[in-house]
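Below is one structure; the comments refer to it alone.
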Amino acid sequence: MAAAATCGGGSAGTAGSVVAAAAGRGNVTSFQRRGPRASGTDSGSPRLASIAGTRPSVRNGQLLVSTGLPALDQLLGGGLAVGTVLLIEEDKYNIYSPLLFKYFLAEGIVSGHTLLVASAKEDPADLLQELPAPLLDDNCKKEFDEDAYSHKTPESDMKMKIAWRYQLLPKMEVGPISSSRFGHYYDASKRIPQELIETSKWHGFFLPEKIFPNLKVEPCSLAHGYIKLLRFIQNIIFEEGFDGSNPQKKQKNILRIGIQSLGSPLWGDDICCTENRGSSHGLSRFLYVLRGLLRTSLSACIITMPTHLIQNKAIIARITNLSDTVVGLESFLGSERGTNPLYKDYHGLIHIRQIPRLNNLICDESDVKDLAFKLKRKLFTIERLHLPPDLSDTVSRASKQDLAASARRLGPGCGSMAGGEKHLDF
Amino acid sequence: MSAEAGKLTLLCDVKTDGSFLVHHFLSFYLKANCKVCFVALIQSFSHYNIVGQKLGVNLTMARERGQLVFLEGLKSSVDVFFQAQKEPHPLQFLREANAGNLQPLYEFVREALKPVNNGEAAWRCPVLLVDDLSVLLSLGMGVVAVLDFIHYCRVAVCWELKGNMVVLVHDSDDAEDEENDILLNGLSHQSHLILRAEGLATGFCRDVHGQLRILWRRPSQPTAQRDRSLTYQYKIQDKSVSFFAKGMSPAVL
C-alpha cells in the first residue's frame, strides 16, 4: 500500500499534532486551522500534509484531497476539502457522471485512502474492477527514480537547508505509483491493475444485500436504505477511528465515501417519481446527518444524484443548499445541442454550481463560467468553451442568430453566486 | 448601527451567499458585550470561529466565559439521529416522522438566554442568531411550525428580555419553493430591518460580488409612512466587506 507514513521520527509528532491533539480532546474536525506553517529553510518541522494524497489549501489552510481530475481540482479551488460533500448532478443518460465517480475512487486507491462505496444498482466489487488505470508516462517514471535516489542518501536526520522539500517525501521504497503527488491522471480505456485493488482497503455497501425484511427501525421518515447507509458509514468511521474518538487507533488516513445515484428510486426514495412534497425530507435529512458525520471525521464524500429526474425544482434548490460543492454535468447526447456547430468539439457542459466558503468570507471562484468537457480516448478533459472559427465564405444571418441563441443558454453564472438574467453582448 | 432593543432583523439572500452578514452580526454583538445564543444549523463551530478571528472576536473564549451559547446543528444531529436521547434535544425533530413543532428548540433558546439570577448584569441585551431557517424547512418542519417558533422566540427574546433577533432565510426566486416564500413573507412583515443580499442582475463579476438592499420598517405602526430603503453594492474581501454606491466600484472608476 502506498505510503501513509510521514518522514523522520519526531516529525510525526508535530505534523499530525493538530489532528492527533484534537482527537485526544474528542473534538476533532478537519476544519481546524493547521498549526505552524513551515517557514522555510532550516525549520526542520515538516509541512502539514502528513496524510498521503492531501495538501493544505493556499487560501485557508483547509486540508484538501484531489477529486481525481486535476482540471476539476483547479476549478474547485485546489481540490475537495476534507469533511465536505461533492454533489454531482448526473447527466441525462448517466454516461459521464460514473466516470467522475470512478476517478474519485481511483484517486483514493492510488493515494492509499480507505474507500467506502455505496450503490443500489451495482455491486461495489464490480465497480472497483472498472476503475481507470493511473497514467504513468516516462516523465513520471523519471521523477520517481529521482525521488528514490534522493532517499538513498544515508543521512536521514540531517536537516536539509536548501532542498528541504525532499525531507517531506516518504522514505520507504516508492513503487512506480507514488502517492507523493497530489492528483493523478487516469487512462479511461484501461482497467486498474488488480494488485492495486487488492492492496487497498475498501468497504462496500450494496443495498440489495443489506435490506432485511423484518428490521426494527424507528420511523423517522427516511427511506429504509438511507438509514442503513448512514449507520454503515457511522460504523466504519467509528470502528476505524476516522473521527479520532478511538484512542487505540491512530488513524491518519482519509476515508473516501462514494454514493452512487442517491435519490433514485432504487434507494426506495420517490422524489424522482412524484411531485408530492411529503416524502422529500428523507433525502434532505440524510444529507444533513451525512454532513454532520463528515464534518467530525477525516473523510470526503462524492455523491451522484439524478437531479434531472426530480420533478420538484424546490427540492433541487434545497439539496444544493445542503451540499457543499455542487457540479452539474450536461451532456449533448440526444439533445439538439449535439448538432449545434458551437459544440461540435465537446461532449457536454460542466457547470460549477456551488463552491463552499469554508473558514472564510470568500471562496476561490473561477472566472470562467462556460466550461465544457470531452472524453478523448484516454483522458477526460475540461476546457473553457470557445467558439469554433467561423470559416464559411458567406456568413449567413441565420447561423449567427442560432449561435447567439445557444450561447445565451450557456453559463448564467454560478448558481449560488450572482446569477444573470439578461444576456449582454460584449 | 444602533443596538436598539426588541428588534427582529431579517437577512435574506437570493442567487448569492449572504453568510457574510451572519458573520458580521455575530462579531458585532459579541463585541458589543451582548449575550448571544447562536443556532448554527449549517456550518461547524470552527468555521465560525476562524472567520470570527478574522473579524476580531474569539468564539472559543466567548463560549467559555458564558457570553456565547452555541448550538452546533451538524454535530448534534449525529448524536440525536443515532441514539435515542433521554431528555428532549433541541433537534429532536430529526428522529420523528411527522415532527409537530419546534418546542424543544424554543426551550433551548429560552434556557440559554434567560438572565443569570445572581443580580449583576454581566452582559447587555440578549441576542438570538439563527443560521439559517430554510434548513428547518428542508429537514421536514412545516412552515407554520417554523413561524410559530419565531413567534415564540420573539415574545421571549424581544419582548420579555428586550433583546434582538437576527435570522437568515434563503430566497429562491425561481425555484418555486412555496413554503420558503411563505416563510419569507411572514418574516418580512414582522421584521424591523431587512437586509437582502442579491446577486447582480448582469451575472458574475469579480469586483462587485453583489448588491445589498437595506429596508427599515416599522411593523407596529400604520404603513402610511414610507419605509426607508437604501441599496449598496459590495465586494467581500478577506477580512472585511467594502460597500459602495451602485456603479461606484473602485474597479470601474
Is [X] close to chain A through its backbone or its side chain, or both, or neither, when contacts mean heavy atoms under 4.5 Å?
X: B/N49; value: neither
X: B/S240; value: backbone
X: B/Q211; value: neither

message = Suppose we call two aromatic rings close when their centres sit under 6.0 Å apart. Are B/H23 and B/Y48 close by that rule?
response = yes

ask   = In terms of ring plane angle, is the pair B/Y29 and B/F25 parallel, tilted or perpendicular, where the classes change at 30° and 60°?
value = parallel

inquiry  = Contact between B/N101 and B/Y106 at the side-chain level, heavy atoms closer than 4.5 Å - yes or no?
reply    = no

Reference residue A/D324; test side-chain contact (heavy atoms from CB on, under 4.5 Å); the match among A/L86, A/L80, A/T84 = A/T84

Under 4.5 Å from a heavy atom of chain B, the part of A/L230 involved = both

query = Where does A/L293 contact chain B at under 4.5 Å (heavy atoms): side chain, backbone, both or neither?
reply = both

query = Closest heavy-atom contact between A/R357 and A/C363?
reply = CG-CB, 3.9 Å

ask   = Under 6.0 Å from the six-membered ring centre of B/F45 and within 45° of its axis: does the NZ or CZ of B/K75 meet both?
value = no

Selection from [options] maximising heavy-atom pairs under 4.5 Å formed with chain A:
options: B/A197, B/S172, B/S77, B/S138; answer: B/S138
options: B/K239, B/R206, B/H170; answer: B/R206
options: B/L137, B/V241, B/N180; answer: B/L137

